[in-house]
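Worth knowing before you read on, the calculation uses all heavy atoms, side chains too, and leaves out hydrogens, waters and symmetry mates. Because the structure is predicted, anything quoted here is derived from the model rather than measured. When a residue number appears, it is its place in the shown sequence, counting from 1.
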Amino acid sequence: MQPLDVIDARLVRALQRNARLSLTELGQRVGLSTSACSRRIARLEASGVLLDYRATVAPAILNAGTEVRVQVTLDSQTESTLQAFESAIQQVPEVLSCELMAGGVDYAVKVAVADLAAYEQLHRRVLSALPGVARIESSFVLRNIVARSQPSL
């Protein structure tokens with residue numbers, strides 16, 4: 001992947017701020033015609049720089065207003081144990097993200113549920129029953145201060 005030139009970087013930054021801008025608006029912001037802007041965006045998509053576009057829905061609408069950070073330690077780190085856990089965690093709809101970690105825990109998992117009672121049920125019936133789980137430690141988000149899906153360019 002080639003490094004981005006100045007115009008491509010401006011396009012990516014503008015799209016990171018607001019992916020709903022029209023091609024005309026984007027072109028005006030970065031100094032390109034609409035057609036040139038369209039070609040550059042298509043090239044950025046084709047080359048894997050721009051991966052997707054998303055709509056973020058208010059958690060309350062999804063009945064998922066409580067975020068929980070869950071640290072999971074497995075009973076072993078064998079390839080089969082890791083694969084079994086990773087396969088199973090992908091099937092849990094409340095899971096927003098799951099990351100393999102280095103350090104004191106094996107996985108950092110972010111879940112969204114309706115409330116504490118819903119998390120208790122998820123913990124008891126689902127998370128603790130996942131393959132290889134030896135220990136779960138949960139922390140509850142009180143308030144989001146910064147919420148980005150990734151750093152800005």
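Sorted by first then second residue, the ring-ring contact (aromatic ring centres under 6.0 Å, His included) pairs that include residues 69-93, not counting sequence neighbours, are F85-Y107. For residues 60-72, the set of pairs meeting the side chain to side chain donor-acceptor pair (under 3.5 Å) definition, not counting sequence neighbours, comprises E67-R69.
With rounding to the nearest 0.5 Å, the separation of CG in L130 from CD in E86 is 11.5 Å. Rounding to the nearest 0.5 angstrom, the gap separating the CZ atom in R40 from the CZ atom in R10 is 10.0 Å. Rounding to the nearest 0.5 Å places SG of C98 at 8.0 Å from CD of Q90. Between L74 atom CG and D106 atom CG the span is 4.5 Å, to the nearest 0.5 Å. The line from OG1 of T34 to CD of E25 is 10.0 Å long, rounded to the nearest 0.5 Å.
A chain of hydrophobic side-chain contacts below 4.5 Å, direct or via other Ile, Leu, Val, Met, Phe, Trp or Tyr residues, connects I7 to L15. By the criterion of side-chain heavy atoms lying less than 4.5 angstrom apart, applied directly or through intervening Ile, Leu, Val, Met, Phe, Trp or Tyr residues, V111 is not grouped with L96; the two fall into different hydrophobic clusters. By the criterion of side-chain heavy atoms lying less than 4.5 angstrom apart, applied directly or through intervening Ile, Leu, Val, Met, Phe, Trp or Tyr residues, V92 is grouped together with V113 in one hydrophobic cluster. The cluster map of Ile, Leu, Val, Met, Phe, Trp and Tyr, joined by side-chain heavy atoms under 4.5 Å apart, puts L100 and V133 in the same cluster.
Residues passing the side-chain contact (heavy atoms from CB on, under 4.5 Å) test with D52, sequence neighbours excluded: R54. For F140, the ring-ring contact (aromatic ring centres under 6.0 Å, His included) partners are Y119, not counting sequence neighbours. The side-chain hydrogen bond (donor to acceptor under 3.5 Å, both in side chains) check on R125 picks up Q121, with sequence neighbours excluded.
The one candidate from L153, V30, L4, L21 that meets the side-chain contact (heavy atoms from CB on, under 4.5 Å) condition with L11 is V30.
A donor-acceptor pair is defined here as one N or O able to donate and one able to accept, closer than 3.5 Å; such a pair exists between the side chain of S128 and the backbone of H123. Under a 3.5 Å cut-off, the side chain of E94 and the backbone N or O of L122 do not form any donor-acceptor pair.
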request  = Please step through side-chain contact (heavy atoms from CB on, under 4.5 Å) for the pair Q16 and R148, ending with a clear verdict.
outcome  = CA-CA 10 Å; Q16 282 182 302; R148 296 184 186 106; over 6 Å; no
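At least one side-chain heavy atom of L23 sits under 4.5 Å from a side-chain heavy atom of I41. Contact of the R43 side chain with the D8 side chain is registered, since non-hydrogen atoms from C-beta on lie closer than 4.5 Å.
Counting heavy atoms of neighbouring residues, nucleotides and ligands inside a 6.0 Å radius, atom CG of L142 does not exceed 12 of them.
Cluster partners of M101, by chain and number: V105. The rule joins Ile, Leu, Val, Met, Phe, Trp and Tyr whenever side-chain heavy atoms lie under 4.5 Å apart.
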